[in-house]
**Student:** 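Sharing a structure, written as structure tokens. Questions coming.
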Amino acid sequence: VGKPVFHTERIYDQTPIGVVMGLAWNAMGGSSIYIETMLVEQGDGKGALHLTGQLGDVMKESAQIAHTVARAILLEKEPDNPFFANSKVHLHVPSGSVPKDGPSAGCTMVTSLLSLAMKKPVKKDLAMTGEVSLTGRILIIGGVKEKTIAARRSGIRSIIFPSANRRDYDELASNVKEGLDAHFVDNYNEIFDLAFNDDQNTATP
Amino acid sequence: VGKPVFHTERIYDQTPIGVVMGLAWNAMGGSSIYIETMLVEQGDGKGALHLTGQLGDVMKESAQIAHTVARAILLEKEPDNPFFANSKVHLHVPSGSVPKDGPSAGCTMVTSLLSLAMKKPVKKDLAMTGEVSLTGRILIIGGVKEKTIAARRSGIRSIIFPSANRRDYDELASNVKEGLDAHFVDNYNEIFDLAFNDDQNTATP
Amino acid sequence: VGKPVFHTERIYDQTPIGVVMGLAWNAMGGSSIYIETMLVEQGDGKGALHLTGQLGDVMKESAQIAHTVARAILLEKEPDNPFFANSKVHLHVPSGSVPKDGPSAGCTMVTSLLSLAMKKPVKKDLAMTGEVSLTGRILIIGGVKEKTIAARRSGIRSIIFPSANRRDYDELASNVKEGLDAHFVDNYNEIFDLAFNDDQNTATP
């Protein structure tokens with residue numbers, strides 16, 4: 001996903017509502033990225049998603065998939081919350097001048113949208129990476145080593161990977177993984193529990 | 001951001017409502033630029049942003065981000081002001097024939113839009129540079145030296161940079177910074193206070 | 001602005017409502033051009049601008065800027081005139097086969113649109129050149145010598161330049177300027193006074 005964006009790492013000490021940390025990588029190494037979402041306006045039938053951040057075609061589609069997945073998850077968790085039906089949402093991925101692409105921020109986008117819809121920040125020092133299918137399956141990604149190194153450098157404590165990447169992670173040297181609490185998931189619902197069902201969420205964003 | 005635009009420097013003695021001075025640079029040097037905004041028309045649901053000035057893709061996205069950020073800040077500062085929901089706004093960056101790009105005028109665009117929405121001019125002899133994230137974080141930019149030289153040449157007294165650029169500024173020779181009052185910010189709210197919460201704002205635009 | 005268009009020079013003896021003479025130049029020399037505007041249709045919310053004349057990207061944006069500026073000026077001069085909110089306007093620049101570009105017809109376009117909106121022709125034998133910013137500042141242009149020669153060849157008596165071009169004009173040989181009444185302006189309002197506040201305007205178009 002684009003060039004490593006070292007200077008945008010950890011632009012948030014604690015991510016506010018609507019913001020979630022993801023992990024990117026390319027041949028140059030890994031880096032943390034933030035998925036930022038904001039409510040633009042609300043009104044009957046105004047549900048829409050607006051994208052910025054020099055996103056490539058795959059990442060734009062990934063955001064559309066995340067929008068559909070988040071809507072389905074919200075219907076399950078908060079059946080009376082009409083957020084996605086009546087809200088125009090803006091999703092941005094800093095920094096604005098770095099081209100980004102790929103599907104692996106899918107689960108991060110879903111989480112960011114749900115955080116905005118439920119007005120709940122995610123757990124502190126959490127990062128995640130994983131392609132999401134339209135039904136919420138979490139699919140394998142690349143760059144496990146680079147992303148793990150980037151997560152540690154950014155002060156992350158909990159990291160979420162697709163179950164299909166468990167072997168990649170197990171094969172990493174132990175010093176690379178030191179201090180990291182890694183989770184491996186198959187379905188978005190597992191990420192939901194890790195990100196939102198935590199006592200820390202009651203803290204002020 | 002394009003070629004140095006020496007002839008547009010200081011086209012305003014005092015910037016009117018909706019106009020704010022930014023700073024651009026390239027390999028040829030730095031220059032001041034103006035972000036100009038005007039109200040085109042108002043009406044229920046007419047909220048929109050129209051762009052001119054030969055802006056590149058990154059700068060167009062930067063303007064969209066600024067529009068969302070300005071809306072959120074206005075909601076906080078003037079909760080009853082419906083400006084962005086019902087106003088078609090035109091944003092232009094002179095001069096019209098010079099191609100411009102990059103994210104570093106983000107904070108200048110937010111300020112220009114807020115000036116228009118609140119009908120308040122910004123503080124006199126103020127210039128600013130900084131990428132803005134969707135939640136209002138102010139991110140690192142390039143060309144601190146070139147921009148500082150351009151600011152002094154344009155008669156600027158107060159200059160705003162991202163906190164992440166503080167070291168770049170501290171390393172400049174003192175004669176380059178002479179007479180400049182530099183501010184370093186992490187969040188847009190700090191820029192708001194510097195630009196608008198000033199006794200000079202009570203003067204007639 | 002394209003090639004010199006000698007065959008379009010002085011296609012009007014007296015420009016009608018909605019038409020104003022500008023000045024173009026390139027490496028081959030200068031020429032007069034006409035900005036022509038016509039009302040297409042009117043109706044609630046039909047405000048729009050349609051462009052023809054093989055205009056390049058900068059000149060298209062220049063027309064959009066002129067549309068916004070003309071709207072703001074009309075609001076000031078004739079607050080009850082709803083022309084721009086409810087009128088679809090067609091702006092053309094003959095001759096139709098010559099590609100044209102550049103921002104320097106900005107002030108001419110504003111004047112042409114205001115002439116149409118107010119149903120007033122501009123002063124006879126007047127030509128103007130100047131980029132216009134969104135707030136109505138008149139910005140420096142190129143080709144002062146070539147444009148001055150073209151103006152005299154076209155029988156122009158009054159010519160309007162940006163103040164920033166005063167030195168260029170002062171340096172021209174006096175025989176080039178013979179018989180020309182040159183005006184130098186900073187703001188569009190000064191052009192408005194020169195173009196419309198004249199006894200000749202009461203004459204029948």
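Just so it is clear: chains get the letters A, B, ... in the order the sequence lines come, proteins before strands, and each one is counted from 1.
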**Student:** Give a yes or no on this: more than 12 heavy atoms of other residues, nucleotides or ligands lie within 6.0 Å of atom NZ of C/Lys177.
**Tutor:**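 Atom NZ in C/Lys177 is crowded, with more than 12 foreign heavy atoms closer than 6.0 Å.
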**Student:** Between B/Thr52 and C/Gln64, what is the shortest heavy-atom contact and its length?
**Tutor:**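 Distance-wise, the nearest heavy atoms are CG2-OE1, 3.5 Å.
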**Student:** Take atom NZ of C/Lys119 as the centre, draw a 6.0 Å sphere, and report whether it contains more than 12 heavy atoms from other residues, nucleotides or ligands.
**Tutor:**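 It does not: C/Lys119 NZ has 12 such atoms or fewer within range.
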**Student:** State whether the side chain of C/Glu131 and the backbone N or O of B/Gly96 hold a donor-acceptor pair below 3.5 Å, judged by distance alone.
**Tutor:**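 Between the backbone of B/Gly96 and the side chain of C/Glu131 there is a qualifying donor-acceptor contact (under 3.5 Å).
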**Student:** Could you check whether any side-chain N or O of C/Glu61 sits under 3.5 Å from a backbone N or O of B/Gly53, counting only pairs where one atom can act as donor and the other as acceptor?
**Tutor:**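 A pair under 3.5 Å: yes.
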**Student:** Other residues, nucleotides and ligands only: do more than 12 of their heavy atoms fall within 6.0 Å of CG on B/Asp44?
**Tutor:**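 It does not: B/Asp44 CG has 12 such atoms or fewer within range.
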**Student:** For the atom pair NE2 (B/His92) and OG (C/Ser62), what is the distance rounded to the nearest 0.5 Å?
**Tutor:**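 Here the interatomic distance stands at 8.0 Å.
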**Student:** I need the B/Ile11 CD1 to C/Asn187 CG distance, nearest 0.5 Å.
**Tutor:**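 Here the rounded value is 10.0 Å.
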**Student:** Which residues in residues 65-74 of chain C have any heavy atom lying under 4.5 Å from a heavy atom of chain B?
**Tutor:**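 So the qualifying residues are C/Ile65, C/Thr68, C/Arg71, C/Ala72.
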**Student:** Would you give the length of the straight line joining atom CD1 of C/Ile141 to atom OG of B/Ser97, rounded to the nearest 0.5 angstrom?
**Tutor:**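 Nearest 0.5 Å value for the CD1-OG distance: 11.5 Å.
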**Student:** With C/Glu36, which residues qualify under side chain to side chain donor-acceptor pair (under 3.5 Å), at least two apart?
**Tutor:**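 So C/Glu36 forms a side chain to side chain donor-acceptor pair (under 3.5 Å) with C/Tyr12.
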**Student:** At a heavy-atom separation under 4.5 Å, does C/Thr135 approach chain B through its side chain, its backbone, both, or neither?
**Tutor:**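 Contact with chain B is through both the backbone and side chain of C/Thr135.
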**Student:** Can you name the residues that form a side chain to side chain donor-acceptor pair (under 3.5 Å) with C/Lys46, not counting sequence neighbours?
**Tutor:**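 With sequence neighbours excluded, C/Lys46 shows a side chain to side chain donor-acceptor pair (under 3.5 Å) to C/Glu41, given in chain and number order.
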**Student:** What part of B/Val19 is in contact with chain C, defined as an atom under 4.5 angstrom from a non-hydrogen atom: side chain, backbone, both or neither?
**Tutor:**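 The side chain, not the backbone.
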**Student:** For residues 81-88 of chain C, which side-chain N or O atoms pair as donor and acceptor with protein atoms under 3.5 Å away, sequence neighbours left out?
**Tutor:**
| from | atom 1 | to | atom 2 | distance (Å) |
| --- | --- | --- | --- | --- |
| C/Asn81 | OD1 | C/Phe83 | N | 2.9 |
| C/Asn81 | ND2 | C/Glu78 | OE1 | 2.8 |
| C/Asn81 | ND2 | C/Ala117 | O | 3.1 |
| C/Ser87 | OG | C/Gln42 | NE2 | 2.7 |
| C/Ser87 | OG | C/Phe83 | O | 2.6 |

